[in-house]
Chemist: 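My questions all concern the structure below.
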There are 2 protein chains.
Amino acid sequence: MVSDSSAVGEQGREIPDATVARLPLYHRALISLHRSGASTVSSEELATAAGVNAAKVRKDLSYFGSYGTRGVGYDVGQLLEEIRNDLGLQHPRNCIVVGTGNLGAALLSFGGFKDRGFAVVAAVDVDPARVGTTIGGIRVGHQDDLAGLVEANDVAIGLLTTPPVAAQQVADELVAAGVRSILNFAPTVVEAPEDVVVRHVDLASELEILAFHEGRREPIAPAS
Amino acid sequence: MVSDSSAVGEQGREIPDATVARLPLYHRALISLHRSGASTVSSEELATAAGVNAAKVRKDLSYFGSYGTRGVGYDVGQLLEEIRNDLGLQHPRNCIVVGTGNLGAALLSFGGFKDRGFAVVAAVDVDPARVGTTIGGIRVGHQDDLAGLVEANDVAIGLLTTPPVAAQQVADELVAAGVRSILNFAPTVVEAPEDVVVRHVDLASELEILAFHEGRREPIAPAS
DNA sequence: GCAACTTTGTGAAACTTTGCACGAGGGCGG
DNA sequence: CCGCCCTCGTGCAAAGTTTCACAAAGTTGC
């Protein structure tokens with residue numbers, strides 16, 4: 001798992017992981033600003049829209065070059081284009097869903113990725129009852145066809161929504177099929193070679209972090 | 001949004017946010033170890049199981065007290081119990097799903113939270129076609145009944161899966177109803193009072209981070 | 001009961017990230 | 001054309017996080 005490796009910027013500079021993690025927030029905010037017709041935006045406004053602080057916005061953007069105009073701000077269209085490029089979204093990325101349980105099915109039906117440059121183009125499962133069905137317009141293939149589907153559809157990203165026990169095995173198959181980016185929804189650690197990036201989304205973990213803060217807030221029942 | 005505020009430990013020590021974010025990993029790993037019958041575990045083993053490094057494990061655990069035995073390791077059962085307490089999971093926390101689209105429905109049907117101490121006990125939506133239906137054993141109520149359902153079911157956590165435009169409004173309603181923890185799946189920033197903790201899960205952002213690394217890896221198409 | 005071995009708990013150093021504060025640069029009004 | 005005002009870009013200090021390295025503390029075997 002190399003989800004926290006550092007990357008190199010256009011002039012060969014390192015882009016901090018913390019900055020990379022915020023780019024999507026700026027992207028999202030800019031899409032929204034663009035839609036609402038704004039032509040320029042200041043770091044202050046963008047910061048508010050993205051939920052961060054203005055100095056951070058300016059420093060983050062500066063890693064990719066100077067796209068702002070002093071005294072004015074940033075051109076929304078130009079900055080949006082720039083960020084899209086930095087994120088590598090010049091062309092849409094194709095995704096495959098592995099495991100079509102509740103979450104996998106939801107991902108297949110969910111349309112919200114398209115606006116952001118991603119398309120779910122294939123799905124597989126091991127359960128014969130699910131293979132051959134169509135969810136969200138995608139025909140579910142058999143797990144054994146994974147490599148073929150990856151190749152045929154030019155899949156770049158694997159969305160792993162199997163039960164935990166199967167996750168590592170499936171990840172290995174994805175890697176063998178040439179997928180270098182995995183988003184793992186299974187609540188287990190998944191290992192992958194150095195050059196494969198694995199990121200985790202664990203809903204129960206998020207809930208536990210919320211519960212932690214809940215627990216901290218509750219004053220201990222007033223002692224006698 | 002105070003998702004990055006610090007918390008105070010049992011002896012009044014501050015628990016770093018980074019540590020809090022790892023507790024669920026330890027929790028998960030310990031549940032698994034416990035199930036497999038292990039009675040003790042070293043920081044090294046726990047680190048491997050949680051996908052982090054051993055020194056981090058020891059330092060993280062030390063914030064909550066000394067539960068290990070030198071030369072031996074940690075007692076799995078005892079440590080599991082301890083972490084469960086630290087996370088505030090002595091009793092299950094009740095959750096309400098707001099918005100029963102693809103993701104909301106998946107959350108209602110998903111059973112994986114129960115093992116981790118959470119129960120989805122209610123759901124609401126604005127769409128009359130959905131109100132009154134039953135998903136995953138939960139009857140969908142109307143948005144207007146939110147406050148009543150929160151109160152009646154002792155709901156601690158709100159799972160926000162509405163479209164972005166409605167998110168802030170719904171968050172305000174949750175807060176007004178007394179919910180102090182919100183997990184926001186809508187791709188927009190949600191503001192809340194100081195004492196409410198809001199965490200974000202944005203799948204498109206995760207995909208964009210993966211795309212960023214993909215883009216870095218691809219050698220630029222050979223010039224000329 | 002002692003010595004060898006193992007593994008914790010933690011001080012301190014290295015690294016990363018944040019946020020301030022301010023100089024530099026560009027637009028706009030007069 | 002000049003000066004004022006606004007906002008970017010960035011050096012720097014402070015805060016937070018990771019990692020190393022080692023003494024302290026416990027176990028096991030003899």
Side-chain angles (χ1 to χ4, degrees), chain A residues 1-11 13-23 25-26 30 33 38-76 78-79 82-83 209, chain B residues 1-11 13-23 25-26 30 33 38-76 78-79 82-83 209:
Chain A
M1 181 165 46
V2 283
S3 57
D4 47 11
S5 65
S6 286
V8 173
E10 59 171 353
Q11 274 95 38
R13 276 172 301 183
E14 295 279 327
I15 311 287
D17 284 342
T19 293
V20 174
R22 279 188 296 266
L23 290 181
L25 301 183
Y26 304 147
L30 285 166
L33 283 163
S39 67
T40 66
V41 64
S42 69
S43 60
E44 199 71 58
E45 291 166 322
L46 184 51
T48 303
V52 301
N53 127 336
K56 226 182 279 188
V57 169
R58 294 198 298 274
K59 185 157 280 188
D60 285 343
L61 296 181
S62 78
Y63 286 112
F64 299 95
S66 294
Y67 292 95
T69 306
R70 297 172 193 225
V72 177
Y74 301 88
D75 181 281
V76 172
Q78 190 194 345
L79 188 55
E82 172 60 26
I83 288 199
I209 294 170
Chain B
M1 181 164 47
V2 283
S3 57
D4 46 10
S5 65
S6 285
V8 174
E10 60 171 354
Q11 273 95 40
R13 277 173 302 184
E14 295 281 326
I15 310 287
D17 284 342
T19 293
V20 174
R22 281 188 295 266
L23 290 180
L25 301 183
Y26 304 148
L30 285 166
L33 283 163
S39 66
T40 66
V41 64
S42 69
S43 59
E44 199 72 57
E45 291 165 323
L46 183 51
T48 303
V52 301
N53 126 336
K56 225 182 282 189
V57 170
R58 294 200 296 275
K59 184 151 279 188
D60 284 344
L61 296 182
S62 78
Y63 286 111
F64 300 95
S66 293
Y67 293 95
T69 306
R70 295 172 193 227
V72 177
Y74 301 88
D75 181 281
V76 172
Q78 189 193 348
L79 187 57
E82 172 61 25
I83 288 200
I209 294 171

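Each chain gets a letter, A, B and so on, in the order its sequence line appears, and its residues count up from 1.
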Chemist: Determine which pairs satisfy salt bridge (charged side-chain N to carboxylate O under 4.0 Å, His left out) with at least one residue from residues 44-59 of chain A, sequence neighbours left out, and list them in order.
Modeler: none
Chemist: Reckon Y67(B) has a side-chain N or O less than 4.0 Å from the OP1 or OP2 of dT7(C)?
Modeler: no
Chemist: Working to the nearest 0.5 Å, report the span between CG of L33(B) and OH of Y26(B).
Modeler: 13.5 Å
Chemist: Indicate the atoms forming the closest heavy-atom contact of E82(B) with Y67(B), along with that distance.
Modeler: OE1-OH, 3.0 Å
Chemist: Under 4.0 Å between a side-chain N or O of S43(A) and OP1 or OP2 of dT7(D)?
Modeler: no
Chemist: Give the rounded distance in Å between these two atoms: CG of L61(B) and P of dT10(C).
Modeler: 11 Å
Chemist: Please report the interatomic distance CD1(I209(A)) to CG(L23(B)), rounded to the nearest 0.5 Å.
Modeler: 8.5 Å
Chemist: Could you work out which one of dT17(D), dT7(D), dT10(C) sits closest to the side chain of S42(A)?
Modeler: dT7(D)
Chemist: Nearest 0.5 Å please: distance from the OH atom of Y74(A) over to the CG atom of L61(A).
Modeler: 4.5 Å
Chemist: Taking all atoms of both residues into account, what is the closest heavy-atom pair of V41(A) and L30(A), and its distance?
Modeler: CG1-CD2, 4.3 Å
Chemist: When every nucleotide of nucleotides 25-30 of chain C is labelled 5' to 3' by its protein contacts under 4.0 Å (heavy atoms), B for base, S for sugar-phosphate only, - for none, what sequence of letters results?
Modeler: BSS---
Chemist: Under the rule for side-chain hydrogen bond (donor to acceptor under 3.5 Å, both in side chains), what residues qualify as partners of T19(A), not counting sequence neighbours?
Modeler: D60(A)
Chemist: In this structure, how many angstroms lie between the C1' atom of dG9(C) and the CD atom of E44(B), rounded?
Modeler: 15 Å
Chemist: Rounding to an integer number of Å, can you tell me how far I15(B) CD1 sits from dT17(D) C1'?
Modeler: 15 Å
Chemist: Using every non-hydrogen atom in the two residues, find where N53(B) and A47(B) come nearest and quote the distance to one decimal.
Modeler: C-CB, 3.7 Å
Chemist: Just the table, please: protein N/O against nucleotides 18-21 of chain C N/O, every pair under 3.5 Å.
Modeler:
from    : atom 1 : to     : atom 2 : distance (Å)
dT18(C) : OP1    : R22(A) : NH1    : 3.0
dT18(C) : OP2    : R22(A) : NH1    : 3.0
dT18(C) : OP2    : R22(A) : NH2    : 2.9
dG19(C) : OP2    : K56(A) : NZ     : 3.1
dG19(C) : O6     : K59(A) : NZ     : 2.6
dA21(C) : N6     : R58(A) : NH2    : 3.4

Chemist: Expressed as a whole number of angstroms, how long is the span from D17(A):CG to dG16(D):C1'?
Modeler: 16 Å
